2 protein chains.
Amino acid sequence: MNPNRPSPNRPVYLKLRDQIAAAIIDGEYAEGAMLPSVRALAAEQGANPLTVAKAYQQFQNDGLVEVQRGVGMYVVTGAAERLRTADREAFLRTEWPEIRARMERLGLNPADMTMAD
Amino acid sequence: MNPNRPSPNRPVYLKLRDQIAAAIIDGEYAEGAMLPSVRALAAEQGANPLTVAKAYQQFQNDGLVEVQRGVGMYVVTGAAERLRTADREAFLRTEWPEIRARMERLGLNPADMTMAD
DNA sequence: CGAGGTGCATCAGTGCCATAATACAGCCAT
DNA sequence: ATGGCTGTATTATGGCACTGATGCACCTCG
């Protein structure tokens, strides 16, 4: 019935990526700490190690995690802050305008939206 | 770099569906009026007629448009209102909580978000 | 009746995603 | 040194969603 906006079949590696990013921002994966091995996280999430690796990859490309080959992947210091600010900017620039337009069309006002919906 | 939340490759038929829904809500496709033929809209949007048909299909399933075989598809009376209310409810129930959580994580507050940015 | 417009069904092709099974390369504690 | 843990590369395979092309059934109008 509804527009079903969030893509129905979000790829697993993207879900994992979001989930990991959230964990870093929240400090669940503390800076300097080693994040779960691809095999461990794969087993925990019921996914394939390669899929987890694919999710991890983007973070190392962005220099947010550091790979110590044969040891593990570690969260770089300052990763949480960098991640949050970059995320926020991207959100405001690309997502928010659409959301705002959508809400306006539906007769909703963000300013009126508090904890209670 | 960023989570890239809105699925990068949003399927065409979903984009069309959103676009059509918006047109109905805004009255651009008036109630009782016939909406563009699948071929016409396909040509205009540079898409495949089948893709447009797929976008239209959901509206007829929901009884928002009426098909006169061999003639065209017409917007049912009351479609705009029904569509908006259903959309709004769905938005508040499924999308908004996620958006709110996401904003909170990024240190944003909907109440502070006005027309600016 | 015939031409041109409708929606709709069918089949096939394409690309991304996820999985699997190995194998390799590096590090570390025992 | 050896076993066990890391990440990584390779190749192959299956599934699924999306797209594309064609043809058919139906209606309207002249």
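Protein chains get the first letters and strands the later ones, always in sequence-line order, with residue 1 at the start of each. This one's a predicted model, so the numbers in the text were calculated from it and none came from an experiment. Just so it is clear, the values below take in all heavy atoms, side chains as well, and ignore hydrogens, waters and symmetry mates.
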Residue Val71(A), side-chain heavy atoms: nucleotide from dC27(C), dC27(D), dC8(C) that is nearest: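 Out of dC27(C), dC27(D), dC8(C), the nucleotide with an atom closest to Val71(A)'s side chain is dC27(C).
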
Candidates dA25(C), dG7(C), dT6(D) - which lies nearest the side chain of Ser37(A): dT6(D)

Write down the distance between [atom1] ([X]) and [atom2] ([N]), rounded to a whole number of angstrom.
X	N	atom1	atom2	value
Met73(A)	dT6(D)	CE	C1'	11 Å
Met34(B)	dC27(D)	CE	C1'	12 Å
Asn61(B)	dG7(C)	CG	P	15 Å
Leu14(A)	dC17(C)	CG	C1'	10 Å
Arg69(A)	dG26(C)	CZ	P	6 Å
Gln58(B)	dC18(D)	CD	P	11 Å
Arg17(B)	dC18(D)	CZ	P	10 Å
Tyr74(A)	dC27(C)	OH	P	12 Å

Under 4.0 angstrom between Gln60(B) side-chain N/O and dC8(C) OP1 or OP2: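 Gln60(B) to dC8(C) OP1/OP2: side-chain N or O found under 4.0 Å.
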
Side-chain N,O (Tyr13(B)) to OP1/OP2 (dT19(D)) below 4.0 Å: no

Nearest heavy-atom pair of [X] and [Y]: which atoms, and what distance?
X	Y	result
Arg17(B)	Phe59(B)	O-CZ, 3.4 Å
Val65(A)	Met73(A)	CG2-CE, 3.6 Å
Ile24(A)	Ala80(A)	O-CB, 3.6 Å
Pro97(A)	Leu92(A)	CD-O, 3.3 Å

Residues Arg102(A) and Asp87(B) bridged, charged N to O under 4.0 Å: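 Looking at Asp87(B) together with Arg102(A), the answer is yes, because their closest N to O distance falls below 4.0 Å.
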
Asp18(B) and Arg10(B) ion-paired at < 4.0 Å: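 Arg10(B) and Asp18(B): salt-bridged.
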
Nucleic acid contacts of residues 38-54 of chain B, taken as heavy-atom distances under 4.0 Å to DNA chain C: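 The answer is Val38(B), Arg39(B), Leu50(B).
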
Hydrophobic cluster membership, Met34(A) vs Val67(A), 4.5 Å side-chain cutoff: no

